[in-house]
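Here is the structure we will look at, set down as structure tokens.
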Number of protein chains: 2
Amino acid sequence: MGNSKLYKGSLNTIILKLLEEQGKMYGYEITQKVKNLSKGELNITEGALYPALHKLEADGLLDVEVEKVDNRLRKYYKLTEKGEKETVNRLAELEEFIRSMQNLVNPNWSIE
Amino acid sequence: MGNSKLYKGSLNTIILKLLEEQGKMYGYEITQKVKNLSKGELNITEGALYPALHKLEADGLLDVEVEKVDNRLRKYYKLTEKGEKETVNRLAELEEFIRSMQNLVNPNWSIE
DNA sequence: TTCTTATACATAAGAAAATTATGTATATTT
DNA sequence: AAATATACATAATTTTCTTATGTATAAGAA
């Protein structure tokens with residue numbers, strides 16, 4: 001688990017960013033993608049992910065489309081137009097936040 | 001305020017890091033320092049800060065020392081020995097977390 | 001062939017960690 | 001004199017997780 005508790009607040013933005021990149025993804029796929037990209041550092045729990053997806057959908061940022069693969073259900077999510085706009089803003093905010101955190105924690109780091 | 005809600009989970013580590021750097025600080029000073037270092041990006045609210053300081057003290061990571069300056073109370077906090085050890089660990093965790101977040105959000109960034 | 005692990009969804013109970021609101025008090029600036 | 005800054009604190013509420021639990025199918029291991 002490690003620092004799993006540390007990503008509070010940024011889960012939504014991570015979801016949006018991945019969907020922007022990948023076009024469409026289903027929940028389980030997102031958990032695996034994040035795990036792989038972070039080399040096991042970040043583990044999104046289902047209890048956090050599914051409610052987050054439902055809320056983003058309710059807020060009109062995501063569209064959902066159900067598919068059946070190998071007799072198993074998959075709910076593919078993709079950004080709505082509103083979602084695309086929001087993603088730009090939230091990503092900018094998150095990047096700014098990361099820079100600020102870096103500057104606090106390790107001013108020697110530089111980003112290029 | 002901006003993305004003030006984004007630093008969830010890392011407030012304790014920020015406090016520890018600053019105390020490691022500065023030797024001793026009082027609560028209000030910490031809020032101002034963080035605000036300055038982040039150019040106004042990060043605003044620690046008092047409702048978050050004071051309970052956090054009290055908990056770190058209760059956990060034996062901080063020592064407190066009261067001073068009166070200009071007829072006003074100041075509670076100076078500094079790391080205990082236990083606190084110094086913990087700071088090393090938590091900072092390493094936070095740095096690792098920041099790297100992971102960066103890698104997710106903007107793999108093009110590089111840290112040097 | 002049975003058991004475990006992986007895939008895939010979901011929700012409820014509880015905990016953690018903030019925000020917001022409120023309170024006290026003194027010092028400084030307008 | 002009033003407003004802002006300094007300095008602490010806590011209670012109520014909200015947000016956002018974790019943990020636990022549930023359903024169901026597929027694949028791989030024993």
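Hydrogens, waters and symmetry mates are skipped; everything else that's a heavy atom, side chains included, is used. Sequence lines set the chain letters: A, B, ... in the order given, protein chains first and strands last, and positions in each chain run from 1. Remember, predicted model here, so these are calculated numbers, not experimental data.
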Expected list for residues 23-33 of chain A near DNA chain C, using heavy atoms below 4.0 Å, is A:Tyr26, A:Gly27, A:Tyr28

Exercise. Is it true that a side-chain atom of B:Ser38 and a backbone atom of A:Ser100 form a donor plus acceptor pair closer than 3.5 Å?
Worked result: no

- Query: How far apart are the C-alpha atoms of A:Leu49 and A:Ile30, what are their side-chain angles, what is the distance that settles it, and do they pass the side-chain contact (heavy atoms from CB on, under 4.5 Å) test?
  - Reply: CA-CA 9 Å; A:Leu49 178 69; A:Ile30 293 176; 4.2 Å; yes

For the pair A:Glu65 and A:Arg74, find out whether any cationic side-chain nitrogen is under 4.0 Å from an anionic carboxylate oxygen. no

Do any side-chain nitrogens or oxygens of A:Tyr50 fall under 4.0 Å of OP1 or OP2 in C:dA10? no

### Task
Answer yes or no: is there an ion pair linking B:Lys78 with B:Glu84, defined by an N-O contact shorter than 4.0 Å?
no

Exercise for review: For residues B:Ile98 and A:Ile98, determine if any side-chain heavy atom of one lies less than 4.5 Å from a side-chain heavy atom of the other.
Suggested key: yes

In Watson-Crick or G-U wobble terms, with both distances under 3.5 Å, the base opposite D:dA30 is C:dT1

With B:Leu18 as partner, the option from B:Leu37, B:Thr13, B:Thr87 fulfilling side chain to side chain contact (heavy atoms under 4.5 Å, CB included) is B:Leu37

Sorted by position of nearest nucleotide on DNA chain C, 5' first, the leading residue of B:Glu46 and B:Leu49 is B:Leu49

Check ion pair B:Lys82-B:Glu86 (N to O, under 4.0 angstrom)
no

Residues in residues 58-80 of chain A with a heavy atom under 4.0 Å of DNA chain C, by number, are A:Arg72, A:Leu73, A:Arg74, A:Lys75

Using OP1 and OP2 only, check whether a side-chain N or O of A:His54 sits under 4.0 Å from C:dT11.
yes

When rounded to whole Å, the NZ to P distance for the pair B:Lys55 and C:dA16 reads 8 Å

#### Entry: Electrostatic pair B:Glu21-B:Lys17, nearest N-O below 4.0 angstrom
yes

